[in-house]
Peer 1: 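Would you mind keeping the following structure in view while I ask a few things?
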Protein chains: 2
Amino acid sequence: MRADARRNYERLLAEARTAFTERGTDASLEEIARRAGVGIGTLYRHFPHRTALMSAVFQGEVEALLARSRELLAAPQPCTALLEWLRTIVAHASTYRGLSRALMAAQSDDGSALSRCSMPMQAAGSKLLDRAQRAGAVREGVDIVDLMQLTNAIALAVEQSPDDPELADRLLALTLQGLKARPAEADA
Amino acid sequence: MRADARRNYERLLAEARTAFTERGTDASLEEIARRAGVGIGTLYRHFPHRTALMSAVFQGEVEALLARSRELLAAPQPCTALLEWLRTIVAHASTYRGLSRALMAAQSDDGSALSRCSMPMQAAGSKLLDRAQRAGAVREGVDIVDLMQLTNAIALAVEQSPDDPELADRLLALTLQGLKARPAEADA
DNA sequence: ACCTGAACACCGTTCAAGT
DNA sequence: ACCTGAACACCGTTCAAGT
């Protein structure tokens, strides 16, 4: 890549990151280009779809998230560790309004740039889920894909209720603790 | 209201209903006005915000949903009835792409037209939840507001994955059955 | 090879002019 | 009292012209 092209790429990425943080992933592409000091055509050249821009931003953060998952895999309490991982995902998604929605949509669209980003995230979650199940803290028959979708859905609910900072914790607790008092028992 | 004004109101409402069904609640307001055979200004006169239009459409369906909740309140199995109610909500929301998102947002905005619509829905859910709790099928300490938010969040996830028709059932089951094998027990 | 920005299409919203 | 639709602002996307 030519030196000026690379510089433009980096500038666009940096401006996209701040714009997505401040205004959500629906932020105006024209404004991102303008703030990066390039023409709108240059933005489209480097990032043909909005999703391309989103996944480039997201990818820059996946490594840090994965590092956190490795820490949690060594934590003493498997179930608490899993909960903490889901909390991390929700907290991260809250930084980029609109990201969780895109991630949910990407899950049913293999091969998309965003779904490639979320694959290692899913693998990390899978390890934490497995460990909690082996420890007997979480019942069998729970699919990591479903759990991620539900987590993203919770992130979306949290996005929608900015004035209730504890909603995330309550909904995750609801998910994890479950509604049934005695899961094995038949309906009352 | 003048006769022609009322007719315009009804036409706009009918077109909004079909547009929201076909294209989601982000449907173009200009198109709705055009298909209703009125000027765009007339739409804004009758429905000052998009939310006004949405809640008018929604309100027209609340009665039928409430009737269903009364049926379920008489069903033999309290927990199954509650699950069925949540399923009904998700299924309805899936008919209007974008509605569940608006409902989640409305929950933290008392007094909005949409939140007035969802209050009786919440009351209906509360009765079903209470009954399941009194029967011992659902643990105490579950808030109906949280449960509704989670249900709307699930509806949103389902919206995002149109090619996985069973996702709703799986996520609702996940919510209801819960993750913990033995809820009362400490972490493993 | 890459960049620019005018051009086109589309939408939301307001408001002066009409009946 | 109500309706109309032009007008304005804004955004996404493409592409011919430039370097």
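No hydrogens, no waters, no symmetry mates; every other heavy atom, side chains included, goes into these values. Residue numbers start from 1 in every chain, and the chains themselves are labelled A, B, ... in the order their sequence lines are given, proteins ahead of strands.
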Peer 1: Whole angstrom is fine here: how far is it from CD1 in A:I32 over to C1' in D:dG12?
Peer 2: 12 Å
Peer 1: Name the closest nucleotide to the A:V38 side chain, picking from C:dG12, C:dT4, D:dC2.
Peer 2: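 Selected nucleotide (nearest to the side chain): C:dT4.
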Peer 1: Any strand counts, and the cut-off is 3.5 Å on both contacts for Watson-Crick or G-U wobble. Which nucleotide pairs with C:dC3?
Peer 2: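 When the pairing criteria are applied, nothing turns out to pair with C:dC3, so the answer is none.
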Peer 1: Give a yes/no answer on whether the side chain of B:H49 brings an N or O atom under 4.0 Å of OP1 or OP2 in C:dG12.
Peer 2: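 Answer no for this pair, as no side-chain N or O of B:H49 is under 4.0 Å from OP1 or OP2.
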Peer 1: How many whole angstroms separate atom CZ of A:R34 from atom P of C:dC3?
Peer 2: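 Whole-Å distance recorded here is 19 Å.
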Peer 1: Side-chain N or O of A:N8 less than 4.0 angstrom from OP1 or OP2 on C:dC2?
Peer 2: no
Peer 1: Of all the nucleotides listed (D:dC11, D:dC2, C:dC3), which has the minimum atom distance to the side chain of A:R45?
Peer 2: C:dC3
Peer 1: Hey, is the main chain of A:S94 close enough, under 3.5 Å, to the side chain of A:E159 for a donor-acceptor pair?
Peer 2: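 No: the side chain of A:E159 does not pair with the backbone of A:S94.
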Peer 1: Would you say B:L128 ends up clustered with B:L66 if hydrophobic residues are merged whenever their side chains have heavy atoms under 4.5 Å apart, either directly or through other cluster members?
Peer 2: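 In one cluster: yes.
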Peer 1: Reading DNA chain D from 5' onward, which residue's closest nucleotide shows up sooner: B:R2 or B:G41?
Peer 2: B:R2
Peer 1: If D:dC8 has a Watson-Crick or G-U wobble mate with both distances under 3.5 Å, name it; if not, just say none.
Peer 2: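 With both distances under 3.5 Å, D:dC8 matches C:dG12.
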Peer 1: What is the separation between atom CD on A:E31 and atom C1' on D:dT13, rounded to the nearest whole Å?
Peer 2: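 One finds 18 Å between C1' of D:dT13 and CD of A:E31, rounded.
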Peer 1: Look at B:H46 and D:dC3 and indicate whether a side-chain polar atom (N or O) is within less than 4.0 Å of OP1 or OP2.
Peer 2: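 Affirmative; the distance criterion is met.
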Peer 1: B:A27 or A:E30: which one's nearest nucleotide on DNA chain C is closer to the 5' end?
Peer 2: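 Per heavy-atom nearest nucleotide, the more 5' residue is A:E30.
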Peer 1: When you get a sec, tell me which of D:dT13, D:dT4, C:dT13 is the closest nucleotide to the side chain of A:Y44?
Peer 2: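 Of the candidates, D:dT13 comes closest.
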Peer 1: Given the rule that I, L, V, M, F, W and Y join up when any side-chain heavy atoms are under 4.5 Å apart, are B:V145 and B:L150 in one cluster?
Peer 2: yes
Peer 1: D:dT13 C1' sits how many Å from A:F47 CZ, rounded?
Peer 2: 17 Å
Peer 1: Send over the distance from A:R23 CZ to D:dC10 C1', rounded to a whole Å.
Peer 2: 13 Å
Peer 1: Let me know the distance between CG of B:L53 and P of C:dT13, rounded to the nearest Å.
Peer 2: 12 Å
Peer 1: What nucleotide, of C:dT14, C:dC3, D:dC11, holds the atom closest to the side chain of A:S28?
Peer 2: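 Nearest to the side chain of A:S28 among the choices is D:dC11.
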Peer 1: Please answer: with hydrophobic residues joined when any side-chain heavy atoms are less than 4.5 Å apart, are A:L99 and A:M104 in the same cluster?
Peer 2: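 Looking at the clustering, A:M104 is in a separate group from A:L99.
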Peer 1: State the CZ-NE2 distance between A:F58 and A:H92, to the nearest 0.5 angstrom.
Peer 2: 5.5 Å
Peer 1: What integer distance in Å separates B:I40:CD1 from C:dA17:P?
Peer 2: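 Value for this atom pair: 21 Å.
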Peer 1: Remember a base hit wins even if backbone is also touched, and classify A:T42 as base, sugar-phosphate or nothing at under 4.0 Å, heavy atoms.
Peer 2: base
Peer 1: Let me know the distance between CG of A:L43 and P of C:dG5, rounded to the nearest Å.
Peer 2: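 Rounded to whole Å, this separation is 14 Å.
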